[in-house]
Amino acid sequence: MQMPAPIRAPTFLSRRRLFEQKLSDLHKCTDLNQLKQLHALIYKSNLHNHPFVAPKLVSALSLCRQMALAVNVFDQVEEPNSHLWNTLIKAYVQNSRPDKAFEVFCEMRCSGVSPDNYTYLFLLKACSGLKSIKMIHAHVEKCNFYSDLFVPNSLIDAYSKCGLTGLEESKTLFGVMSERDLVTYNSMISGLVKAGELKEARKLFDEMPERDRVSWNAILDGYVKAGEMRTAYQIFEKMPSRDVVSWSTVISGYAKAGDIDMAKVLFDSMPAKNLVTWTIMISSYAEKGNGKEAVGLYHRMEGEKLRPDDTSFVSILSASAESGLLGLGKKVHQSITKTSYKCSTLVNNALVDMYCKCGSLNRAWSIFNSIERKDLISWNAMIHGLAMHGHGKNALQLFDRMKREGFEPDKVTFVAVLSACSHSGLVKDGIHHFYSMESDYEIAPEIEHYGCMIDLLGRGGCLNEAFGLLHSMPFEPNVVIWSSLLGACRMHNAVELANEVLDQLVKLDPENARNYSMMSNIHANAGDWGSVASVRSRMKETGGERANKGVSSIELHDEFHEFTVMDTTHPKSDSIYETVDGLSQHLRKIACVPNVVV
DNA sequence: TTAGGGTTAG
């Protein structure tokens, strides 16, 4: 007869094994509570000095955005090795603190530990401008760090992400490299694709000695970005093997080209989807305003136990904001708060923007106030949100608070500030801020700023000043500017000026029926019915009437209702029109004359 | 190390 197995020993062993297993996966742990328990156990077992455990712990803490704790772990290690230094640099890069990453790099060199391939790789990821890349480039050249292709390849990649000047630098580096491998070619091709230089990318792709899936994916992405979906699909079919990246690339291509049905067919037929694929599909539906599909897919993704990351949240939130899908935005917000996910500034900014654009200023405001580390984008989004909703004075107050708290406004801030002034009729403030841009902050006004000013002056009835500014600006006026002037002309019954403006608008945007209907409104207001008729016939001649009709949509309990002009297709059409009539009667009573499309 | 999804401006 066999003896029963002893109970205590295996329990002890399995606990230990469990701990070991958890330690080996420690750097992937994203559950903050579990991580804190492990953290305590590690210290209790005196493992925090261990050369493998410490970097893993720092990585995990960085993933959970616990940088203070991560630094604390680092500080307790008596002699940090290069692996641990690199991990801390990487952690700062991941937590959007490139400045800190560079600080750690300096400390690392002072402490006598030599940087290695990974040090430079992480630092290059932290670089946001050419200047810092060039600094590292010079540094590795001085140390003769060209023993293998790792660093030069990373340099090509980093340069390629820095606009056209950066691309030139990477081309030069690519040209002088005596030896190149697959990664060198792939990095160069993806750089060219990003800059829109598809022909050159294709040339390299054709001449490279061997290709792997990354090369194929990069050139596929090139055709997708160029909108050449036929060629892209041919490449997709021709490639020797496809992975989730290839599928995601074509799916996003079809969605961006407007063929969301084709995107969905591919999405449904692909073998294995990941977070990126789901994100592309959900945000594509949301961008199209199809909240129902987007919300449905979002639920399905959650059912697959996929945990969205920052990019995923931001992508879906920005698509919700674009189409005003408050329902989807709220769902995303709920799932962020449900998990113990500590929200990054990036995601918070996207939430603020979404709530502003979906009309929920209160929610936006409370999130804005809860952001621990606000950045310029947080301020810009909130100021712009207040401006959009006509809270001009509050927007200007927030602008002042932002400056008091030490933030330097940028050109986007001024678009928000000037539009706050124009939407609230604050002409004096607007003029003051417009001139202070250049004198106080050395920001040259761009066409958007002139646009806000012309809108501001026009709305305020200073039509001559608006025209004066238009003629003095160093840009050709665009459709936005002419349209805002046409609006101003209507507001102030300036028929002659409006005719001039319409001529300009028709040149730039002949297909747009809105210009003609605005013009015919102006004539109708003046009681000039003959001109109304002539504008109508002009519209027919130029084909303006064929232009797409505007569609309004409203979201109610995850259902979307669309309306066009004179639309009677909605099942509750009668009661909707009854309410609209009631509203306009009420407006007339309180002496507001609504604009009626003639 | 390379490829796919990304926050502020009309």
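So you know, we letter chains A, B, ... as the sequences are listed, proteins then strands, and number each from 1. Note that this is a predicted model, so its numbers are computed, not measured.
At a cut-off of 3.5 Å, with distance as the only test, no side-chain donor of A:His83 or A:Tyr118 sits close to an acceptor on the other residue. Side-chain polar atoms of A:Asn186 and A:Asp212 form a donor-acceptor pair below 3.5 angstrom. If you check the side chains of A:Arg202 and A:Tyr223, you find a donor sitting under 3.5 Å from an acceptor.
Picking from B:dT1, B:dT8, B:dA3 the nucleotide with the shortest atom distance to the side chain of A:Ala381 gives B:dT8. Closest to the side chain of A:Ser419, from the set B:dT2, B:dG10, B:dT8, is B:dG10. Out of B:dA3, B:dG5, B:dT8, the shortest distance to the side chain of A:Asp353 is found at B:dT8. Minimum atom distance to the side chain of A:Asn349 is reached by B:dT7, of the listed B:dT7, B:dT2, B:dG4. When the nucleotides B:dT1, B:dG4, B:dA3 are ranked by their closest atom to the side chain of A:Asn153, B:dT1 comes out on top. Taking only side-chain atoms of A:Thr249, from C-beta outward, the nucleotide of B:dA3, B:dG4, B:dA9 with the closest atom is B:dG4. The listed nucleotides are B:dA9, B:dG5, B:dA3; the one nearest the side chain of A:Ser312 is B:dG5. Out of B:dT1, B:dA3, B:dG6, the shortest distance to the side chain of A:Val314 is found at B:dG6.
Within 3.5 Å, no donor on the side chain of A:Asn478 pairs with an acceptor on the base of B:dG10, nor the reverse.
Dashed line: the shortest gap from a side-chain N or O of A:Lys273 to OP1 or OP2 of B:dG4 is not under 4.0 Å. Side-chain N/O atoms of A:His384 include none lying less than 4.0 angstrom from OP1 or OP2 on B:dT8. Contact annotation: A:Lys411 does not reach the phosphate of B:dT8 (side-chain N/O to OP1 or OP2, under 4.0 Å). A sub-4.0 Å separation between OP1 or OP2 of B:dT2 and a side-chain N or O of A:Lys125 is present. Phosphate proximity of B:dG4 to A:Thr279: absent, as no side-chain N or O sits under 4.0 Å from OP1 or OP2. For B:dA3, the OP1/OP2 oxygens have a side-chain nitrogen or oxygen of A:Lys194 closer than 4.0 Å. Between A:Lys357 and B:dA9 there is a side-chain polar atom (N or O) within less than 4.0 angstrom of OP1 or OP2.
As rounded to whole Å, 17 Å separates atom P of B:dG5 from atom CH2 of A:Trp247. In this structure, CG of A:Asp243 is placed 11 Å from P of B:dG4, rounded to the nearest angstrom. Distance CG (A:Leu485) to P (B:dG10): 17 Å, rounded to an integer number of Å. Rounding to whole angstrom units, CE of residue A:Met239 and P of B:dG4 are separated by 12 Å. Atom CD1 of A:Ile219 and atom P of B:dT2 are 18 Å apart (whole Å). For the pair A:Met453 CE and B:dG10 P, the interatomic distance rounds to 15 Å; values are reported in whole Å. Here B:dT2 presents its P atom at 14 Å from CE of A:Met177, a figure rounded to the nearest Å. If you take CG of A:Asn217 and C1' of B:dT1, they are 16 Å apart, rounded to a whole angstrom.
Residue-level contact check: A:Ile251 touches neither bases nor backbone, having no heavy atom under 4.0 Å from any strand. Within the 4.0 angstrom heavy-atom criterion, only backbone atoms of the sugar-phosphate kind lie near A:Ser315; the bases stay farther away. At a threshold of 4.0 angstrom between heavy atoms, the contacts of A:Leu346 include nucleobase atoms, whether or not backbone atoms are also involved.
For A:Glu322 and A:Lys357, the salt-bridge test fails: no basic side-chain N is under 4.0 Å from an acidic carboxylate O.
Using a 30° and 60° split on the angle between ring planes, A:Phe399 and A:His433 fall in the perpendicular class, above 60°. Relative ring orientation between A:Tyr185 and A:Phe174 is described as perpendicular, the plane-to-plane angle rising above 60° on a 0-90° scale split at 30° and 60°.
Crowding of A:Arg373 atom CZ: a count of heavy atoms from other residues, nucleotides or ligands under 6.0 Å not exceeding 12.
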